[in-house]
Amino acid sequence: MRLAHITAKDFDLARSLDSGQVFHWENRGAGYVGTIGAKAVYVEQLGERLFFAGVTAKVLARYFSLDHPLAEICRALPSDPAMTAARDFCQGLRIIRQPRWECLATFITSSMKQVAHIRQMSQALRRRFGARKTISGSHVHAFPGPARLASATEKELRECALGYRAKNLLATARLVASGEANLEEWRSLPDDALRSRLCELPGVGAKVANCVMLFAFERLRAFPIDVWIERVLKEKYFPRKRKVTPQQLRAFSESYFGEQGGYAQQYLFHHARKGGGR
DNA sequence: CTCCAGGGATGAT
DNA sequence: ATCATCCATGGA
């Protein structure tokens with residue numbers, strides 16, 4: 001297959017795909033196969049070029065947020081030791097623009113699960129309910145739409161190893177499929193209102209809502225606090241304090257990281273997980 | 001085997 | 001408002 005290519009500066013494909021944002025891309029040869037929306041995609045990186053097939057250059061560049069001014073964003077990050085180390089470790093890691101429903105559904109399944117298992121559940125859902133596609137000799141599956149999952153039974157979802165999360169995913173799929181929850185309309189809401197709406201959905205609390213805001217609604221201030229980030233914040237920014245409440249962590253992260261909260265959080269998260277940073 | 005994971009919902013202080 | 005408990009499952 002003949003591949004098209006585009007230039008991608010300040011971008012590390014492998015690092016971005018392996019940073020716990022998206023859970024379905026798989027290694028194939030020198031690159032990766034996956035889906036962007038309903039399209040099957042192959043993509044590989046050679047230096048500052050992305051070689052790809054399956055989508056237009058415009059769709060690919062948008063998905064990988066090649067328009068984000070990464071150098072500028074990194075300069076604007078706080079320059080404390082923890083943040084500097086994370087930033088150096090995460091060069092080229094970009095926040096990916098995910099399809100809204102796919103991101104929401106995937107993070108509903110993510111609660112109390114390791115990244116490896118989120119990948120498993122994503123793949124099981126795709127294989128069982130998603131449209132099968134072929135790209136450069138590989139088979140991939142699109143993520144099933146809300147209507148498809150809404151028509152499934154809780155038992156079928158549990159068979160994808162969702163456990164107690166099956167009930168929440170099913171209930172949310174029904175709300176979205178019925179139009180009672182309109183993710184596209186919510187794009188125009190300010191951050192706080194959007195977060196409130198997301199938190200009304202079964203299986204969505206502040207953490208998942210912030211992930212969806214960051215990864216699917218382009219809210220780059222959103223700062224999801226999971227167990228990893230909680231540890232990092234306590235160790236690096238509240239050294240030897242006995243009681244640090246979730247409330248304090250939230251207030252601190254919002255004021256300290258501010259506009260760059262999303263990238264700051266993702267870099268701290270990835271560094272903590274992959275950096276061997278104890 | 002035990003421990004823990006990109007948490008959320010519910011009910012008791 | 002904070003705290004405790006339960007919820008399934010599988011990787012480490």
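Labels below follow one simple rule: chain letters A, B, ... track the order of the sequence lines, proteins then strands, and each chain is numbered from 1.
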Closest-nucleotide 5' rank along DNA chain C - winner of Gln114(A) and Ser111(A): Ser111(A)
Any donor-acceptor pair under 3.5 Å from Thr35(A) side chain to Ala142(A) backbone: no
Closest to the His117(A) side chain, choosing from dG7(B), dC3(C), dT9(C): dT9(C)
Rounded distance (Å) that lies between atom C1' of dC3(C) and atom CD of Gln247(A): 15 Å
Atom P, compared across dA8(C) and dG11(B): separation rounded to whole Å: 16 Å
Interatomic distance, Phe23(A) CZ vs dG10(C) C1' [rounded to whole Å]: 16 Å
Side chain Arg15(A), main chain Gln91(A), donor-acceptor under 3.5 Å: yes
Distance between C1' atoms of dG11(C) and dG8(B) (Å, rounded): 22 Å
N/O (side chain, Gln120(A)) to phosphate O (OP1/OP2, dT9(C)) under 4.0 Å: no
Check: Leu66(A) and Ile6(A) side chains under 4.5 Å, non-hydrogen atoms: yes
Atom-pair distance (CZ on Arg158(A); P on dT9(C)), nearest Å: 7 Å
Six-ring centre of Phe223(A), Arg250(A) cation under 6.0 angstrom, axis tolerance 45°: no
Arg119(A) vs dG10(C): side-chain N/O to OP1/OP2 distance below 4.0 Å: no
For atom CE of Met112(A) and atom P of dG8(B), their distance in whole Å: 11 Å
Rounded distance in Å - NZ (Lys167(A)) to P (dA8(C)): 8 Å
Side chain Arg165(A) and base dA8(C) donor-acceptor under 3.5 Å: yes
Modelled atom types, side-chain donor and acceptor of Ser178(A) and Arg174(A), under 3.5 Å: no
Geometric class of the Tyr256(A)/Phe252(A) ring pair [parallel <30°, tilted 30-60°, perpendicular >60°]: parallel
Touch class at under 4.0 angstrom, heavy-atom based, for Ala166(A) against every strand present: nothing
Rounded interatomic separation in angstrom, taking CD from Glu230(A) and C1' from dG7(B): 11 Å
Position toward the 5' end of DNA chain B (nearest nucleotide), Gly203(A) or Asp226(A): Asp226(A)
Earlier contact from the 5' end, DNA chain C, for Tyr164(A) and Ala116(A): Tyr164(A)
Flag, side chain of Gln45(A) to backbone of Phe11(A), donor-acceptor distance under 3.5 Å: yes
Parallel, tilted or perpendicular: rings of Phe89(A) and His270(A) (30°, 60°): tilted
Touch class at under 4.0 angstrom, heavy-atom based, for Leu201(A) against every strand present: sugar-phosphate
Between dG8(B) (P) and Leu198(A) (CG): distance, integer Å: 12 Å
Whether Phe107(A) and Phe23(A) hold their rings parallel, tilted or perpendicular, with breakpoints at 30° and 60°: perpendicular
Sugar-phosphate only, base, or nothing, as touched by Gln266(A) at under 4.0 Å among non-hydrogen atoms: base
Nearest-angstrom distance from the residue atom CG of Asn168(A) to P of dC6(C): 18 Å
Detail all sub-3.5 Å separations between protein N/O atoms and N/O atoms belonging to nucleotides 10-13 of chain B.
none

Spatial distance of atom CE (Met121(A)) from atom NZ (Lys113(A)) [nearest 0.5 Å]: 5.5 Å
Sugar-phosphate only, base, or nothing, as touched by Gly20(A) at under 4.0 Å among non-hydrogen atoms: base
Closest approach of His68(A) to Arg94(A) (non-hydrogen atoms, all atoms of both residues): O-NH1, 2.8 Å
Touch class at under 4.0 angstrom, heavy-atom based, for Thr106(A) against every strand present: nothing
Paired and unpaired positions of DNA chain C as dot-bracket, Watson-Crick or G-U wobble under 3.5 Å, | denoting a partner strand: |||||||.||||
